[in-house]
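Proteins get letters first, then strands, A, B, ... in listed order; numbering begins at 1 in each. Everything numeric in this text was worked out from a predicted model, so none of it was measured.
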Amino acid sequence: MMTIGMTNLAIAGMLRNMAAAYEILGENRFRTIAYERAADSIEHLTSEVKDLWEDDKLSVIPGVGPAIRSHLDELFRTGHVRHIEATLKRVPEAVFPLLLVPGLGPKKAYKLVKALDMRTEKRAVSDLETAAKAHAIAPLEGFGEKSEQDILSAIAIYRKGQIKENRMGLPQADAIARDIIAFLQKGAPVREITVLGSLRRQVATIGDIDIAVATGRPADVISRFLSYPHQKMIEKGPTGASLLLHNGRQADLRVQDPRAYGAMLQYFTGSKNHNIALRTWALGKGLSLSEYGIKQVKTGKTTAYATEEAFYRALGLPWIPPELREDRGELEAAIRQAQGKPDGLPDLVGLSDIKGDLHIHSDYDLEPSHDLGRDSLAVLLDRAVEQGYRYIGLSDHNPSVTNHTPEDITAIMKRRKAFYEKAHAAWQRKHTKAVGIFILCEVDILTDGTLALPESAFTYVDGVIASIHSSFTQPEGAMTKRVVRGLTAHPKVRIFGHPTGRLLPDREGIALDWKEMFRVCKARGIALEINAHPARLDLPDTIVFDARRQGLKFIIDSDAHEATAMDVMRYGVSVARRGWAGTHDVLNSMEYNDLAAWLTPSRI
DNA sequence: GCCGTTTTCGGCCCGACTGTTTTCAGTCG
C-alpha cells in the first residue's frame, strides 16, 4: 500500500483524487462535491490539518463532517485510509496525474486514458503528450484539433511547475497587483479598481491575483488587460479574462457596471466557503445571490448594488470585513448582530490602533548568536516617528552563550542598557515628538528549556521575548515542556516570540500542546507574539482565533532587522484581524505608560 | 458526504467560458 503524505497539500490532493474517482464511477454528484469542498478548504487552511487533528478539532474545517473526519483520523493514526485507497484503485491510475494538467478534469482524463490505453501513473503525462503530437487526440469523440493543441500547451505549463501548488507570499502578491492596477489605470477607462480574492482577505499565502474593475466600457478594460505582458491567455469573455503571467502567476480580471459593482466585490472576494454559506442562507429567504446582484426567486427580478455595504444591507446584514469571510462563524455572528443579540461581529483592530513595535533589532553589537540589525537606534526612532509610533522595543538577540561566560553576558547587557539610554536621550533632545524605548531582549529557549540569558543579566532589561531558534523537530511532549520551562523561567519573560517557528512556505511549525500553552501563558500574563514578517505570520490566524477565545492577549511585532522592514506591521495586523482580534486583544495598541505597567511584573 | 431560523431528512451556490455540439458537457473559480 502506498503511504499518503500528511501535508495539507497532499491531503487535499488525496481528497480531490477521491472526488475525481467518484465522478468517474458515477457516484452521487453531491458526494463528489463534498470531497471537492473538503479538499478546497484544506488546501486553503492556514494551519496544519494534523495540528487540528491532534487537538481533536477536525470538525472546524468547513466541509469536513463525520465521514471525512474518520478518514483523516485513520490517515494520521495509520498512514493509510483503506476506503479511499480501495476506491482509487477502481479507477485507472493514469487518470490522476492528468488531473494536474490545466483544463483536464475527471471526465476528459478518463476518456483519454481509456481511448489511448494509458497504463501507468508515472508515464501518463508524457504518453498524453506523445499522443497529442501524433494527432491521435483530435479524432476522439468530444475532442478536436483545438483541444489537441490546448492539451499540448497545458502540458508545457504543467511541466514548468506553474500550477496551483506554489502559492506566493503577501508582498509578492501585493507587488504584482499594484503593477497590474497601475497598468490598467494608465490605459483604460477605469472608474474603480480593487484587489479581491485571497489578497483582499489577506490570507497568508496567495494563489491567483484577482482584480475587479467598475467601468462603463468593459471591452476597453479587458482589451487593455490582455495587453499586459503575459505568457498565455487562459480565457477571455465579455465579463473578464485570465492571464498566465511570465512569473508563473495567474491574474484574473472581472469587469462590472458601476451600478452593480458591490455585488461583484462581494462575489469575487470570496472565500468560496463564505459565499456558499451566504448564498445558501439567502436562498432560505427566497433570495438568489450572484455577481450581478440579488434576485427574488419568486419574481425573477434582480436588483443591483453599487457598494458591498448596500449588498449586505439588502440581505439585512451588517457589512462583514473581508478578513473574516472564511465561513468560520462570521455569517452567524452577522445575523446575531442584525438581530440585536450579543456576540456579533468583532470590532477588529486596525493598523492605526498600533502604538508601537516591540520586536526590533538594532545594530548595537552585543555579540549575539544570531543576526544583528542593520540600523542604529536613531534611524529606528526616526522610522518610528514616520509610522506614528509612541514607542519601540529593542529586542536584539541575546549574546552568544557559547562564546561568553555568564559574567561576560551580564557585563554586555549592562553596557547595552547604558548605551541605549544615552543614545535615546540624545535623539530625544533633537526631536519634538516623544518616542519611548523599551530595552528588551529576544532570548533563545534552549533545547533543554533553559533561557540563554543568565539570571544576573535580567537586571538590565525591561522584559524578554522568549523564542525558539533551534531543534525545531522535538516531539510535542518534549517541545511543550521545553517551552513552558522557558516561559516560566523568569518573571520578566513577557512575550512568546513567533510561537510556532514556522517559515512560509516550507518549514512547518513546531509541535506544541496549545491547550497547555494557552493555560500557562494566561496564568502568567504572557502575551503571544503575532510576528508580522511575511515569511512567518506567526501566530497563524487560526491559532489567534482560538487563543483569543481563551482570553489570551497578543503583541503584533515586525521583527525588523532594518528600519524599512518596520512597515510589515500591516501584515501582522491582518493576521490579527483574520483571527477576530480587537483593539483590546492587542497590547501594543496601549499607550506607553500602560504598556510599561503591563511589562513590569508585579511579582518581582 | 455535509448540514441545520421553514429540515436530523432532504435538500445541496451560481455563473462564465470553451470546444464540440446543434442544445450541451466539462472545467473553472
Below 3.5 Å between N/O atoms, which protein atoms pair up with nucleotides 23-26 of chain B? Just atom names and distances, please.
residue: B:dG26; atom: OP2; partner: A:K107; partner atom: NZ; Å: 3.4

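The separation between A:Q266 atom CD and B:dG29 atom P is 19 Å, rounded to whole Å. As rounded to whole Å, 10 Å separates atom P of B:dG15 from atom OH of A:Y267. The distance between atom CG of A:N273 and atom C1' of B:dC3, rounded to the nearest whole Å, is 13 Å. As a whole-Å value, the separation of A:R37 CZ from B:dC14 P is 14 Å. Between A:I137 atom CD1 and B:dT20 atom P the separation is 12 Å, expressed in whole Å. Atom P of nucleotide B:dG4 and atom CH2 of A:W281 are separated by 14 Å, given to the nearest angstrom. Rounding to whole angstrom units, CD of residue A:E148 and C1' of B:dT20 are separated by 14 Å.
Separating the C1' atom of B:dT8 from that of B:dG4 is a span of 8 Å, rounded to the nearest Å. Rounded to the nearest Å, the gap between the P atom of B:dT20 and that of B:dG10 is 43 Å.
Residue contacts for A:E145: at a heavy-atom cut-off of 4.0 Å it reaches the sugar-phosphate backbone alone, with no base atom in range. Residue contacts for A:G270: at a heavy-atom cut-off of 4.0 Å it reaches no nucleic acid atom on any strand shown. Note on A:L283: only backbone sugar-phosphate atoms sit closer than 4.0 angstrom, heavy atoms only; bases stay farther off. A:L278 comes within 4.0 angstrom of no nucleic acid atom, judged by non-hydrogen atoms across all strands. Using a 4.0 Å heavy-atom distance criterion, A:K285 is classed as making no nucleic acid contact. Here A:D150 lies in heavy-atom contact (under 4.0 Å) with sugar-phosphate atoms only.
Note on A:R279: every side-chain N or O is 4.0 Å or more away from OP1 and OP2 of B:dC13. Note on A:S288: a side-chain N or O is less than 4.0 Å away from OP1 or OP2 of B:dC14. Between A:Y292 and B:dC13, a side-chain N or O to OP1/OP2 separation shorter than 4.0 Å is absent. Phosphate proximity of B:dC28 to A:S242: absent, as no side-chain N or O sits under 4.0 Å from OP1 or OP2.
Side-chain polar atoms of A:Q339 and A:K341 form a donor-acceptor pair below 3.5 angstrom.
The backbone N or O of A:R325 sits less than 3.5 Å from a side-chain atom of A:S271, completing a donor-acceptor pair. Checked by atom type and distance alone, the side chain of A:R69 never pairs as donor or acceptor with a backbone atom of A:V64 at under 3.5 Å. Proximity of a side-chain donor or acceptor of A:Q202 to a complementary backbone N or O of A:E323 within less than 3.5 Å is not detected.
Heavy-atom nearest nucleotides on DNA chain B were determined for A:T32 and for A:Q339, and the one closer to the 5' end corresponds to A:T32. Toward the 5′ end of DNA chain B lies the nearest nucleotide of A:R69, the other residue of the pair A:R69 and A:K341 mapping further downstream.
Relative orientation of the A:F311 and A:Y305 rings is perpendicular, given thresholds of 30° and 60° on the angle between their planes. The aromatic rings of A:W580 and A:F545 lie perpendicular to each other, with more than 60° between the two planes, well past the 30° mark.
For the atom pair CD1 of A:I180 and CZ of A:R224, the computed distance is 12.0 Å after rounding to the nearest 0.5 Å.
Within 6.0 Å of the CG atom in A:D56, the count of heavy atoms belonging to other residues, nucleotides or ligands does not exceed 12. Dense packing is recorded around CD of A:E309, with more than 12 heavy atoms of other residues, nucleotides or ligands lying under 6.0 Å away.
Taking only side-chain atoms of A:K295, from C-beta outward, the nucleotide of B:dG15, B:dG29, B:dG1 with the closest atom is B:dG15. Taking the side chain of A:T239 as heavy atoms from C-beta on, and the options B:dC17, B:dC2, B:dG19, the nearest nucleotide is B:dC17. Of all nucleotides listed (B:dT18, B:dC2, B:dG15), B:dT18 comes nearest to the side chain of A:K236.
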